[in-house]
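In what follows, every chain begins at residue 1, and chains take the letters A, B, ... in the order their sequences are listed.
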Protein chains: 2
Amino acid sequence: MATNSFEDHDHSKCVNDVMTAVEAHCAIHKLQFTPIRRRVLEILLQDHRALGAYDILDILRSEGHSAQPPVAYRALDFLVKNGFAHKIERLNAFVACSHPGEEHTPAFMICRSCESITEAHREPEQGQLGEAARNAGFRIERTVVEAEGLCPKCQD
Amino acid sequence: MATNSFEDHDHSKCVNDVMTAVEAHCAIHKLQFTPIRRRVLEILLQDHRALGAYDILDILRSEGHSAQPPVAYRALDFLVKNGFAHKIERLNAFVACSHPGEEHTPAFMICRSCESITEAHREPEQGQLGEAARNAGFRIERTVVEAEGLCPKCQD
DNA sequence: GTGAGGATGTCATAACATATCAAGAAATGA
DNA sequence: TCATTTCTTGATATGTTATGACATCCTCAC
Ligand SMILES: [Zn+2]
Ligand SMILES: [Zn+2]
Ligand SMILES: [Zn+2]
Ligand SMILES: [Zn+2]
């Protein structure tokens with residue numbers, strides 16, 4: 001996966017790398033990477049966009065799977081809990097992770113025009129938020145950092 | 001309002017200052033600070049917590065107002081659009097702004113234990129997110145920055 | 001083989017948010 | 001003042017996102 005998915009890149013390699021990393025991670029950690037979970041991740045990886053749970057359900061149904069909401073939400077829970085996908089709070093939607101399995105604190109840039117999303121990484125204790133937390137005596141456990149705007153292509 | 005609402009502070013002054021500032025801002029900008037809008041802001045100001053639209057509806061109803069969802073959402077839209085309240089995306093809920101009317105880029109610290117929320121301010125172009133955006137050629141228009149964790153009191 | 005834990009299928013419902021249209025109130029400008 | 005326009009509210013309905021609950025099935029350990 002390119003470091004910045006706004007740039008042109010070999011996307012099939014991008015998909016492949018993630019699937020390989022996830023398979024390896026599941027093997028090591030004895031996680032069941034079942035067909036539904038795999039298929040949902042594949043769907044998320046189709047492009048660098050966030051999909052709602054019901055978008056995913058529609059796709060599953062179009063493939064002959066009689067899918068009820070919990071089917072999508074359970075697969076997404078699995079992917080999110082294990083660091084293979086992230087929820088974009090601003091959109092109530094889900095995106096595949098660029099660095100599956102690795103511990104990281106993501107920040108997202110969301111293009112409002114083409115809807116593409118790039119994941120960057122932060123250090124939670126650094127920067128303005130870290131400083132504000134120290135000043136307030138607040139202990140950060142999770143962060144939601146999402147920027148909305150225009151990607152390079154859509155600025156033209 | 002205290003710079004950090006996790007600290008003990010004179011909350012009635014805190015409420016008063018915000019209401020005064022909002023009234024002044026509405027007078028200057030010819031905004032209609034109607035009874036419903038005022039009441040919803042008062043409800044949000046009761047404590048430094050986020051309330052869902054339906055929480056607000058319940059309160060309005062308990063006060064004899066026959067309130068349907070659009071009543072709450074319209075008032076909240078008004079408050080958010082004019083910078084008197086913010087939506088907390090992580091919670092699908094709304095909180096009163098600490099600096100009503102002023103242009104600012106908020107960041108929130110949300111205590112998962114007592115649910116209190118403090119608003120800090122960021123410079124959108126600075127810090128880790130600003131740097132990531134410059135590297136990617138991304139133009140930031142809005143940001144969502146929310147930290148979840150434990151406030152000073154709840155760490156004991 | 002039996003029991004325990006995890007995964008899936010299915011139905012139902014909760015929680016969050018908006019579309020639409022009618023009616024009323026307030027600002028605007030003759 | 002009166003008409004016009006714009007904003008606000010009332011009310012019904014519906015759309016969208018997410019979870020609860022329970023039955024069934026599968027796998028693995030014992
Ligand atoms: Zn790619
Ligand atoms: Zn990630
Ligand atoms: Zn206060
Ligand atoms: Zn604010």
Side-chain angles (χ1 to χ4, degrees), chain A residues 22-23 25-27 29-41 43-44 49-82 84-95 110 115 144 146, chain B residues 22-23 25-41 43-44 49-61 63-82 84-95 110 115 144 146:
Chain A
V22 169
E23 277 161 9
H25 186 90
C26 288
H29 293 84
K30 307 238 186 271
L31 300 171
Q32 300 187 44
F33 195 39
T34 62
I36 293 179
R37 293 167 175 179
R38 165 184 291 272
R39 185 67 196 121
V40 170
L41 181 55
I43 289 168
L44 288 180
R49 273 176 51 218
L51 292 178
Y54 284 78
D55 296 329
I56 291 167
L57 275 178
D58 287 344
I59 294 172
L60 291 176
R61 284 171 178 151
S62 77
E63 294 171 350
H65 194 293
S66 100
Q68 297 301 310
V71 170
Y73 281 102
R74 284 169 186 154
L76 289 166
D77 282 350
F78 171 86
L79 297 173
V80 168
K81 192 185 307 178
N82 294 293
F84 306 149
H86 299 289
K87 181 168 188 184
I88 306 295
E89 299 290 347
R90 175 85 178 112
L91 304 177
N92 294 319
F94 300 84
V95 72
I110 309 163
E115 300 187 281
V144 174
E146 298 167 1
Chain B
V22 169
E23 276 160 9
H25 189 274
C26 288
I28 292 170
H29 293 86
K30 309 237 186 270
L31 300 172
Q32 300 186 42
F33 196 38
T34 62
I36 294 179
R37 292 166 175 178
R38 165 185 291 271
R39 184 67 195 118
V40 170
L41 181 57
I43 289 168
L44 289 180
R49 273 176 52 219
L51 292 178
Y54 283 75
D55 296 330
I56 292 167
L57 276 178
D58 287 344
I59 294 172
L60 292 176
R61 284 171 179 151
E63 293 170 350
H65 193 293
S66 100
Q68 296 303 309
V71 170
Y73 283 102
R74 283 170 186 153
L76 289 166
D77 281 349
F78 171 86
L79 296 173
V80 168
K81 193 185 307 179
N82 294 292
F84 306 149
H86 299 289
K87 181 169 188 184
I88 305 295
E89 298 290 346
R90 175 85 179 111
L91 304 177
N92 294 319
F94 299 84
V95 72
I110 308 164
E115 300 188 279
V144 174
E146 299 166 3

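Using bins of under 30°, 30° to 60° and over 60° for the plane-to-plane angle, the ring pair A/F78/A/F33 lands in the parallel bin.
One atom, CZ of B/R37, and another, P of D/dG10, lie 11 Å apart when rounded to the nearest Å. Atom P of nucleotide C/dA17 and atom CG of B/D77 are separated by 10 Å, given to the nearest angstrom. As rounded to whole Å, 13 Å separates atom C1' of C/dT8 from atom CG of A/L60. Taking atom CG on B/N82 and atom C1' on D/dT8, their separation rounds to 14 Å, with Å as the unit. Atom-to-atom, CG of B/L57 to C1' of D/dA11 comes out at 13 Å; the value is rounded to the nearest Å. Between the CD1 atom of B/I36 and the C1' atom of D/dA11 there is a distance of 13 Å, given to the nearest Å. Between A/R38 atom CZ and C/dT8 atom P there is a gap of 13 Å when expressed in whole angstrom units.
The side chain of A/Y73 places an N or O atom within less than 4.0 Å of a non-bridging phosphate oxygen (OP1 or OP2) of D/dA18. A close approach under 4.0 Å does occur between a side-chain nitrogen or oxygen of B/N92 and OP1 or OP2 of C/dA17. One finds a side-chain N or O of A/H65 lying less than 4.0 angstrom from the OP1 or OP2 phosphate oxygen of C/dG9. An OP1 or OP2 oxygen of C/dG9 is reached within less than 4.0 angstrom by no side-chain nitrogen or oxygen of A/Q68. Considering only side-chain N and O atoms, A/K30 lies nowhere under 4.0 angstrom from the phosphate OP1 or OP2 of D/dA29. Using a 4.0 Å cut-off, some side-chain N or O of A/S66 falls inside it from OP1 or OP2 of C/dT10.
With hydrogens and angles ignored, the 3.5 Å screen pairs a side-chain donor or acceptor of A/E146 with a backbone N or O of A/E89. For B/R37 (side chain) and B/Q32 (main-chain N/O), a donor-acceptor pair under 3.5 Å exists by modelled atom type. Judged by distance alone, with hydrogens and angles left aside, the side-chain atoms of A/R61 form a donor-acceptor pair with the main-chain N or O of A/A67 at under 3.5 Å.
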For DNA chain C, the expected dot-bracket line (Watson-Crick or G-U under 3.5 Å, [ ] crossing, | inter-strand) is ||||||||||||||||||||||||||||||
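With its ring centre under 5.5 Å from that of the base six-membered ring and a plane angle below 30°, B/Y54 counts as stacked on C/dC16.
Taking 3.5 Å as the limit, the base of C/dT10 and the side chain of A/R74 contain a donor-acceptor pair of atoms between them.
Comparing B/F94 and A/A75 by the nucleotide of DNA chain C whose heavy atom lies nearest to each, the residue mapping closer to the 5' end is A/A75.
Side-chain contact between A/K87 and A/V95 is absent, with no heavy-atom pair separated by less than 4.5 Å.
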